[in-house]
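Report on the following structure.
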Amino acid sequence: MAAIFPFFQWCDSSWLGTTIRNSQFLFPVIEMLHLFALTILLGTTLVLSLRLLGVMFPQQAFPELASSLMPWNLWSLAVMLVTGFLLFTSEAVKCYGNDSFRAKMVLLFTALLFRFAIYPKLTRGWGKLAAGVSLVLWFSVGLAGRAIGFLG
Amino acid sequence: MSLLSICEWIQNTDSSTALRESTYLFPIIETTHVLGLSLSVGLLVVSDLRLIGAGMRRRPASEVYRQLAPWMLAGFAIMFATGLLLFWSQALKAYNSVFFRAKLCLLILAGVNAIVYHLTIYRRMNQWENKLLPPPQARLAGWLSLIIWAGIIAAGRTMAYTF
């Protein structure tokens, strides 16, 4: 782990990190965008998962529903990643020692890997499994994220 | 009895103190409130997208609403219950917070918008439910809902910074 600590220090002392840290309103504004995107990401994830589980929009084929909601799902994910990284740079060194942050990163990279490498294949034939794993992973990322502030 | 004295009374109850000083209960309620955004506002956004003609356009608006509504209402019930508990634990601070007051006003506005929509254009949904782009009045209700709820989230988050 120690090998990546210089990266955390570099982020922390970067122009971006210091600017956000020293501004009174940048952090809250970025966090608000993070929260807006969370609402859309988890909301669309819920709809797609509930469809795969067969309890919502039973009359609609999954590919059709996905073609309509996936752009919102992916764009909100992009906003979450960008705003999340910005928030991170402003307190990177603090994050390094934070167990919840470490858990969140492990969960996040697992969720991303699952989302792009496995999920698209699973939705054909293994829909319920795809829905279950994706719900557990994304809500766990959210849970760990909230814990960064509470547990440290 | 004034609102202020009611809030003072709440803040001084044993249950309020216990909640405020709890190690696990408060974070659990707070986390449920944040992640509950997905089920409540998250699904509402999907429904609003249909109203403004930006999502699920090929499905009848009535079907979109019917499928989302039960889950969405369950989500808002969770938000209301956890929100009430959070307020209970910090009633006095909430009373004095301009952001909390703004949040309440916006919640009332969101309610009025929803009621007006349901009493007017929603009643004629059978005339437009299959249109890719719903009529202006429905689109307005959808846009207002999106804007007001963004404001509610913003006010709620900002309020917590000042506590």
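Note on naming: letters A, B, ... go to the chains in the order of the sequence lines (proteins, then strands), and numbering restarts at 1 for each one.
Distance alone, capped at 3.5 Å, places no donor-acceptor pair between the B:Ser38 side chain and the A:Leu42 backbone.
Interface remark: B:Val34 contributes backbone and side-chain atoms alike to the contact with chain A (heavy atom separation under 4.5 Å). For A:Met56, the parts lying under 4.5 angstrom from a heavy atom of chain B are both the backbone and the side chain. Contacts of B:Leu49 with chain A are made by side-chain atoms alone, with heavy-atom separations under 4.5 Å and no backbone atom involved. Heavy-atom distances place both the backbone and the side chain of B:Glu63 under 4.5 Å from chain A. Only the side chain of B:Trp71 comes within less than 4.5 Å of a heavy atom of chain A; its backbone N, CA, C and O stay farther away. Contact annotation for B:Val45: only side-chain heavy atoms (C-beta onward) come within less than 4.5 Å of a heavy atom of chain A. Using a 4.5 Å cut-off between heavy atoms, A:Leu143 contacts chain B through both its backbone and its side chain. Residue contact with chain B, scored on non-hydrogen atoms closer than 4.5 Å, is absent for A:Val29.
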Item to complete: Please test A:Arg146 against B:Leu35 for side chain to side chain contact (heavy atoms under 4.5 Å, CB included), starting from the C-alpha separation and ending with a verdict.
Response: CA-CA 9 Å; A:Arg146 190 59 278 246; B:Leu35 295 184; 6.0 Å; no
Practice prompt. Step by step, work out the salt bridge (charged side-chain N to carboxylate O under 4.0 Å, His left out) result for B:Arg157 and A:Glu31.
Written response: CA-CA 9 Å; B:Arg157 185 63 196 95; A:Glu31 195 173 53; 2.8 Å; yes
Item to complete: Please assess A:Phe57 against B:Val64 for the test side chain to side chain contact (heavy atoms under 4.5 Å, CB included), listing each intermediate value before the final yes or no.
Response: CA-CA 8 Å; A:Phe57 294 107; B:Val64 173; 4.3 Å; yes
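Summarising the geometry of A:Met32 relative to B:Ala154, their closest heavy-atom pair is SD-CB, 3.2 Å, with the distance given to 0.1 Å. Between A:Ser68 and B:Met56 the shortest heavy-atom distance is OG-N, 2.6 Å.
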Which side-chain N or O atoms in residues 103-125 of chain A pair as donor and acceptor under 3.5 Å with protein atoms at least two apart or in another chain?
from     : atom 1 : to       : atom 2 : distance (Å)
A:Thr110 : OG1    : A:Val106 : O      : 2.6
A:Lys121 : NZ     : A:Ala117 : O      : 3.0
A:Thr123 : OG1    : A:Pro120 : O      : 3.0

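Here B:Leu4 sits in one hydrophobic cluster together with B:Leu3, B:Leu92, B:Tyr95; the rule is ILVMFWY side chains under 4.5 Å apart, joined directly or through other members.
The environment of CH2 in A:Trp126 is sparse: at most 12 heavy-atom neighbours from other residues, nucleotides or ligands sit within 6.0 Å. For B:Asn126, the CG atom is densely surrounded, since the number of other residues' heavy atoms within 6.0 Å is greater than 12. The environment of B:Tyr161 atom OH is dense: over 12 non-hydrogen atoms of other residues, nucleotides or ligands sit within 6.0 angstrom.
In the hydrophobic cluster analysis, where Ile, Leu, Val, Met, Phe, Trp and Tyr join through side-chain heavy atoms closer than 4.5 angstrom, A:Ile30 is grouped apart from B:Phe99. In the hydrophobic clustering of this structure, A:Leu35 does not group with A:Leu87; members are Ile, Leu, Val, Met, Phe, Trp, Tyr whose side-chain heavy atoms approach within less than 4.5 Å, directly or through other members.
Ion pair A:Glu64/B:Arg58 not flagged as a salt bridge, since none of the NZ, NE, NH1 or NH2 atoms sits closer than 4.0 Å to an Asp/Glu carboxylate oxygen.
Of the listed residues B:Ala150, B:Gly75, B:Ser40, B:Gly55, the one with more heavy-atom pairs under 4.5 angstrom with chain A than any other is B:Ala150.
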